[in-house]
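Let me begin by presenting the structure, written as structure tokens, before commenting on it.
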Number of protein chains: 2
Amino acid sequence: MDSATAREQALDAAEKLFYGRGIQSVGMDDIRGTSGVSLKRLYQLFPAKEQLVEAYLERRDVRWRGRLAAHVERHTDPERRLLAVFDWLEEWFGEEDFRGCAWINSYGELGARSERVADQVRAHKRAFRDYLASLVTAAGLPEALTGSLYLLAEGAMVTAGITGGTRPAAEAREAARSLMAAR
Amino acid sequence: MDSATAREQALDAAEKLFYGRGIQSVGMDDIRGTSGVSLKRLYQLFPAKEQLVEAYLERRDVRWRGRLAAHVERHTDPERRLLAVFDWLEEWFGEEDFRGCAWINSYGELGARSERVADQVRAHKRAFRDYLASLVTAAGLPEALTGSLYLLAEGAMVTAGITGGTRPAAEAREAARSLMAAR
DNA sequence: ACCGTAGGAGAACGCTCGTTCTCGCGTCAA
DNA sequence: TTGACGCGAGAACGAGCGTTCTCCTACGGT
């Protein structure tokens, strides 16, 4: 098995376990068991657990925003594209293994102790907000709307994570629609 | 020192440390050092750390909702009372030791592993949402508004926790005002 | 004064877990 | 064929921490 493959398998295991059970409760030995990558190899690829955590969050960030953007791209009407964000949240919330927002969860777990993780969470959230802002601008809507829609999306993510179910996404979408109509 | 006092001091230390640094990174020895209550006494009062955590969350829940309600009580106009929720969030976010919503953080840390903690978080959030619903009803506004305002408040809490600052509260209040005006 | 008990300080125990080390095996170049 | 090397399996090490135990002191009732 070459390094690139081992790395991917390690990250696959990390994502599955860290996201599903939390970061602190997953040991490097669990990663080894799930990934099939030996401890020696793991430590060659990632000198410490913290770096595996960072790589996990970074890869997930790229994929998460990619999936969101891909969904939005399916629409052309600018206002429809904004609402598509909430459609996608609903789809995401409904996935079998959905356990809330990985960054909000990680922040609750490590934000107080790891500045690196805290920075990654802030960067991810800023990127998401910037993306929303670009959609708002493209739709010719007032910039101030960005903050409202962002808060609705964050509220939906945290609520869906805690209570389960997809309803928060639908509620957020309706609120968003109403705010957009109010101009 | 009598039992009641020891219990209060233990809970004071637990709240300060658990909220400030996260639950898992605080040891029972830290609680002892901060509270001045000996380990033996701590284990008499709380047979295991998990029970101290539960007591911490429960006492904080009562106080948090009490403070919110007290702030809302200062107003009589029903719509003003709803907006006062966001005023209070802004005040809370601005406090020196604010580190986000204790329940969202705890859920990120322990929600996947402790059903008890997960239940407490859900109960707290349900109580908050029910309270919002009662304010919405009292103001003669449509029930559907509750979900929107709740998501705005949750989004503001999680965002203020991650990025710091009080701005999310102001943004949420403006969005809430707009939604209430849209009827 | 004397005993029984409660309580404090802190050592001790057992477990988990991040990280490193040992050992043995297979591979490949010369 | 041989020897150096990479790698996997898993033991080992060391730290942190939840929990319990030991020992000692203080005090209240008789």
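Letters A, B, ... mirror the listed sequences (proteins, then strands); counts begin at 1. These values consider heavy atoms only, across backbone and side chains, with no hydrogens, waters or symmetry-generated copies.
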Those residues that, when tested against [X], pass side-chain contact (heavy atoms from CB on, under 4.5 Å) (two or more places apart):
{"X": "Ser38(B)", "value": "Lys40(B), Arg41(B)"}
{"X": "Ala112(A)", "value": "none"}
{"X": "Ser25(A)", "value": "Arg21(A), Arg113(B)"}

Contacts of type side chain to side chain donor-acceptor pair (under 3.5 Å), residue Asp130(A), not counting sequence neighbours: none

Residue list, side chain to side chain donor-acceptor pair (under 3.5 Å) with Asp12(A), at least two apart or on another chain: Arg59(A)

Where protein sits on nucleotides 4-22 of chain D, one letter per nucleotide: B base, S sugar-phosphate only, - none, heavy atoms under 4.0 Å: ---BB---------SBB-B

Contact list for DNA chain C against residues 13-21 of chain B - heavy-atom distance below 4.0 Å: none

Pairs satisfying salt bridge (charged side-chain N to carboxylate O under 4.0 Å, His left out), at least one member in residues 165-182 of chain A, at least two apart: Asp87(A)-Arg173(A), Glu90(A)-Arg173(A), Arg167(A)-Glu171(A), Glu171(A)-Arg129(B), Glu174(A)-Arg177(A)

Electrostatic pair Arg116(B)-Glu50(B), nearest N-O below 4.0 angstrom: no

Gap between atoms CG and P, on Leu42(A) and dT19(C) respectively (whole Å): 11 Å

Pairs touching residues 138-157 of chain A that satisfy side-chain hydrogen bond (donor to acceptor under 3.5 Å, both in side chains), sequence neighbours left out: Lys125(A)-Glu154(A)

